[in-house]
Amino acid sequence: MAKVQDILVFFQTAPALDVRPSAWARYEASKGSEVGDLVEEGQPPYRNAMAAMRDGWQVIQMSEFKQRTEAEGYELGAFPYQTVLSRFSEMQPE
Amino acid sequence: MEHLISSQDMARFVASGFLRYDHMVPEDLCHACREEMTSFGGYRPVGTPFEETWPKDGALGELFRLPKVAGLIHSLVGPDPLYDHHAAHLVKARTMRGPNTHQDSVIDFRKNYFDIQLSFFPVDTPDEMGGTFIVPGSHFRNVRTGEINAYQHVLGKTWATCPAGTFYVWNTRLWHGARSNHTDQDRYMFKLRLNPTQPQVGHFDMSALDDPEIPRILNTRHGWEGNEMRYELMKRVELWRYVSAQPDYDIGERFMRRREYQPQLADDQRG
Ligand SMILES: [Fe+2]
């Protein structure tokens with residue numbers, strides 16, 4: 001079977017690769033093209049991006065810093081930083 | 001008004017964006033509501049006085065007028081709230097749900113203001129039945145409705161696993177979503193959204209504002225806050241100041257002073 005890309009995203013409150021993610025998501029194309037039934041996970045699969053790298057995941061995006069102004073420096077919204085991890089896995093039937 | 005929520009519960013609502021009350025509703029009324037829900041009918045006119053627009057007859061008419069429920073509503077939005085929206089949520093047996101974290105309605109920047117949503121669970125809702133999930137403390141984070149469905153998992157996410165008769169009340173801006181129902185039984189939840197008609201100040205039981213537990217409650221870490229905990233805390237302090245009529249309130253390292261202590265400015269320049 002061909003190998004296809006799996007993506008694991010860590011959503012973070014600081015851009016470093018050794019911080020604990022606040023949220024995470026799996027886009028594992030090797031398993032299918034949608035997440036039909038989300039199985040709850042209480043903890044992220046790795047404690048940080050570096051732990052994932054030691055298990056074969058490649059970092060394909062690390063976040064840039066954000067410039068803060070007086071006007072929005074205290075405002076809150078989506079988590080500000082994210083690390084995108086990639087790995088290739090054997091394709092499975094959907 | 002009877003059955004007002006405590007100062008500590010109000011602080012919990014400010015810090016976490018929701019409260020849960022078990023055994024609010026007697027079993028027979030739960031059963032009657034469950035029967036009535038499926039045929040309850042469509043929306044009432046948005047923004048009309050709740051007391052006038054909400055049916056007085058029937059189980060759901062009675063439900064939201066139970067003294068305990070009325071006390072809860074009064075504590076959070078004050079007297080004479082407006083009807084905004086309701087929904088009878090039915091997740092059929094064996095219905096699967098993918099990622100769907102969202103904020104209801106549209107992005108809402110109003111300061112010193114919040115709408116409430118009451119979620120009533122008329123039947124036992126075990127874990128595998130997939131009760132609504134929420135992200136505690138997320139109600140100060142403005143996003144556009146469903147764009148946060150990329151957050152499949154969030155540290156501290158929790159969900160309604162509760163006996164029949166349980167009420168959740170939550171700030172409309174709380175991040176939440178639906179979960180898969182893996183059981184052979186349909187899942188029912190009834191949701192009602194209300195707006196205040198006057199400032200949401202001091203409508204709860206204010207007798208315990210000085211309880212040392214309150215700063216600890218406001219400082220609750222839900223799991224996901226990370227480097228932004230201090231910014232979360234400032235938002236909570238701002239809302240607590242407002243609802244408890246304590247405009248100078250602050251806790252711990254008093255981060256609000258980084259904005260407010262400005263002796264270098266002339267009197268008329270200070271915010
Ligand atoms: Fe919703």
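These numbers were taken from a predicted model, which means no experiment stands behind them. Lettering of chains follows the sequences in order, A, B, ..., and the numbering in each one begins at 1.
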#### Entry: A:E40 portion near chain B, given a 4.5 angstrom heavy-atom threshold
both

### Task
Measure B:R173 against the heavy atoms of chain A and call it side chain, backbone, both or neither at under 4.5 Å.
neither

### Summary
Given A:P44, A:A14, A:G73, A:A78, the one with more heavy-atom pairs under 4.5 angstrom with chain B than any other is A:A78

### Message
Less than 4.0 angstrom from a charged side-chain N to a carboxylate O is my criterion; do B:R241 and B:E260 meet it?
### Response
yes

### Task
Considering only NZ, NE, NH1 and NH2 on the basic side and carboxylate oxygens on the acidic side, decide whether B:R230 and B:E253 come within less than 4.0 Å.
yes

## Note on the structure
Ranked by heavy-atom pairs below 4.5 Å to chain A, first place among B:R179, B:E147, B:R144 goes to B:R179

### Query
Given that the side chain runs from C-beta out, which part of A:V39 has a heavy atom under 4.5 Å from chain B: side chain, backbone, both or neither?
backbone

### Query
Within a reach of under 6.0 Å around NZ of A:K31, are more than 12 heavy atoms found that belong to other residues, nucleotides or ligands?
no

### Query
What option among B:P99, B:G223, B:G226 has the most heavy-atom pairs under 4.5 Å with chain A?
B:P99

### Query
A:F11 versus chain B, heavy atoms under 4.5 Å apart: side chain, backbone, both or neither?
side chain

### Query
Do A:V59 and A:M53 pass the side-chain contact (heavy atoms from CB on, under 4.5 Å) test, and can you show the C-alpha distance, the side-chain angles, and the key distance before you say yes or no?
CA-CA 7 Å; A:V59 175; A:M53 290 154 73; 3.5 Å; yes

### Query
Between A:Q43, A:R26, A:E75, which shows the greatest number of heavy-atom pairs under 4.5 Å with chain B?
A:R26

### Query
Mind checking whether B:F204 and B:W240 have parallel, tilted or perpendicular rings, split at 30° and 60°?
tilted

### Query
Between A:P21 and chain B, which part of the residue has a heavy atom less than 4.5 Å away: side chain, backbone, both or neither?
backbone

### Task
Verify the distance criterion only: is there a donor paired with an acceptor across the side chains of B:H85 and B:D104 at less than 3.5 Å?
no

### Message
Heavy-atom pairs under 4.5 Å with chain A: which of B:Y151, B:F140, B:W224 has the most?
### Response
B:Y151

### Query
Can the ring centroids of B:Y168 and B:F120 be said to lie less than 6.0 angstrom from one another?
no

